[in-house]
Undergrad: 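Before I ask anything, let me first share the structure, which is written out below as structure tokens.
Values reported hereafter were calculated over all heavy atoms of this structure, with side chains retained and with hydrogens, waters and symmetry mates removed.
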Amino acid sequence: MPKLLFARAPKNVVEERKTRKLAGARHAPADWIRRAQIIALSWEQLRVPQVAHELGCAEKTVRYRLARFNAEGLDGLGDRPGVGRKRRISETERSQIIALARSQPPGRPLRDQAGELAADQEDGPGNWTLDTLTEAAHGLGIEVARSPVRRILLAEGVRWRRPRSWATSHDPDFAPKEPALLPSTPGRHQE
């Protein structure tokens, strides 16, 4: 037979008032309200099965919440800190990746004062791709894979892709399209 378990008596008037106020609240987190209701019903001398039936939850839940309240007081009504997986990338590193994607790639040629095209790094990437952004992040000391970089940029709405023109190619045998000799559709004559 399971032992009888009740919520301990409130330590002071403030604790009792806060718990009862939360139990009757309508605009508080639902899980906190339910936990406060468990404590308040236990103070009314209802046993665990009666509290569980009254609130429509499992007896195990009632026992767990009563034990947490008895050990921690009002703090036992909340969730334990650190629930879930910790982020592997800090906010500073996320900001560095976003700033990197918004910057000019080091291999993109820019015109200098003389009008000549020159790149900061001739062998650097001319456009950002997920692979080049990941490599650049590794260069900054950020250990990140390709897919988290994509998720970070999508979440922030940052565009890392540049439109590619059909008129340019890295292929040495590429011949650009020539202009059409005649228009394919005749123009409209206006009178």
Undergrad: Apply side-chain hydrogen bond (donor to acceptor under 3.5 Å, both in side chains) to the pair Ser95 and Thr92, showing each step before the final yes or no.
TA: CA-CA 5 Å; Ser95 298; Thr92 304; over 6 Å; no

Undergrad: Where is the tightest heavy-atom contact between Pro10 and Glu15, given as atom of each residue plus distance?
TA: CA-OE1, 3.3 Å

Undergrad: Minimum heavy-atom separation for Phe6 to Leu46, with atom names?
TA: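 Taking Phe6 first and Leu46 second, the nearest heavy atoms are CE2-O, 3.4 Å.
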
Undergrad: When clusters are formed by joining ILVMFWY residues with side-chain heavy atoms under 4.5 Å apart, either directly or through shared neighbours, do Leu154 and Ile89 land in the same one?
TA: yes

Undergrad: Say you draw a straight line from CG of Leu74 to NZ of Lys18; how long is it, rounded to the nearest 0.5 Å?
TA: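 Between atom CG of Leu74 and atom NZ of Lys18 there are 6.5 Å.
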
Undergrad: Do Arg8 and Phe69 form a cation-pi contact, if we require the NZ or CZ to be under 6.0 Å from the six-membered ring centre and within 45 degrees of the ring's axis?
TA: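 Yes, Arg8 and Phe69 form such a contact.
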
Undergrad: Check whether more than 12 heavy atoms from other residues, nucleotides or ligands sit under 6.0 Å from atom NE2 of His138, and answer yes or no.
TA: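 Yes, NE2 of His138 has more than 12 neighbouring heavy atoms, counting only those of other groups under 6.0 Å.
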
Undergrad: Working to the nearest 0.5 Å, report the span between CD of Glu91 and CD1 of Ile98.
TA: 8.0 Å

Undergrad: Has Glu59 got a side-chain atom pairing as donor or acceptor with Pro49's backbone, closer than 3.5 angstrom?
TA: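 Absent.
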
Undergrad: Would you compute the distance between atom OG1 of Thr61 and atom CG of Leu55 and round it to the nearest 0.5 angstrom?
TA: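 With rounding to 0.5 Å, OG1 (Thr61) is 10.5 Å from CG (Leu55).
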
Undergrad: Working note: Thr129 + Thr134, criterion side-chain contact (heavy atoms from CB on, under 4.5 Å); need CA distance, chi angles, decisive distance, verdict.
TA: CA-CA 8 Å; Thr129 63; Thr134 304; over 6 Å; no

Undergrad: Run the side-chain contact (heavy atoms from CB on, under 4.5 Å) check on Val144 and Glu93 step by step: do they pass?
TA: CA-CA 10 Å; Val144 66; Glu93 292 171 335; over 6 Å; no

Undergrad: Say you draw a straight line from CZ of Arg35 to CD1 of Ile39; how long is it, rounded to the nearest 0.5 Å?
TA: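 Separation between the atoms: 10.5 Å.
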
Undergrad: So, for Gly76 and Arg65, which heavy atoms are closest and what is the spacing to 0.1 Å?
TA: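 Gly76 and Arg65 have their closest heavy atoms at O-NH1, 3.3 Å.
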
Undergrad: Can you confirm whether Ile97 sits close enough to Leu133 that some side-chain heavy atom of one is under 4.5 Å from a side-chain heavy atom of the other?
TA: no

Undergrad: Minimum heavy-atom separation for Arg146 and Asp131, please, with both atom names.
TA: NE-OD1, 2.9 Å

Undergrad: Under 4.5 Å between any side-chain heavy atoms of Asn70 and Leu5, yes or no?
TA: yes

Undergrad: Rounded to the nearest 0.5 Å, what separation is found between the CD atom of Gln45 and the CD atom of Gln50?
TA: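 Spacing of CD (Gln45) from CD (Gln50) equals 10.5 Å.
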
Undergrad: Out of curiosity, His27 NE2 to Ile33 CD1, how far, rounded to the nearest 0.5 Å?
TA: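 Answer for the NE2-CD1 pair, His27 versus Ile33, is 9.0 Å.
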
Undergrad: Which heavy atom of Ala23 sits nearest to which heavy atom of Ala36, and what is that distance?
TA: N-CB, 3.6 Å

Undergrad: Under a 3.5 Å distance rule, please check whether Arg68 uses its side chain to pair with a backbone N or O of Gly78 as donor and acceptor.
TA: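 Yes.
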
Undergrad: Might you work through the salt bridge (Lys or Arg N to Asp or Glu O under 4.0 Å) test for Glu44 and Arg20, ending with a clear yes or no?
TA: CA-CA 11 Å; Glu44 303 298 327; Arg20 290 195 187 275; 3.1 Å; yes

Undergrad: Answer yes when Glu72 and Lys11 have at least one side-chain N-carboxylate O distance shorter than 4.0 Å, and no when they do not.
TA: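 No, this pair does not count.
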
Undergrad: Report yes or no: do Val149 and Leu140 belong to one cluster of Ile/Leu/Val/Met/Phe/Trp/Tyr joined by side chain heavy-atom distances under 4.5 Å?
TA: yes

Undergrad: For the residue pair Ala7 and Trp43, what are the closest heavy atoms and their distance?
TA: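 Heavy atoms only, the tightest pair is CB-NE1, 3.8 Å.
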
Undergrad: Take Arg94 and Glu156, measure what side-chain contact (heavy atoms from CB on, under 4.5 Å) needs, and give me the verdict at the end.
TA: CA-CA 10 Å; Arg94 289 172 61 91; Glu156 294 296 323; 4.2 Å; yes

Undergrad: What pairs with Ala136 under side-chain contact (heavy atoms from CB on, under 4.5 Å), at least two apart in sequence or on another chain?
TA: Leu100, Trp128

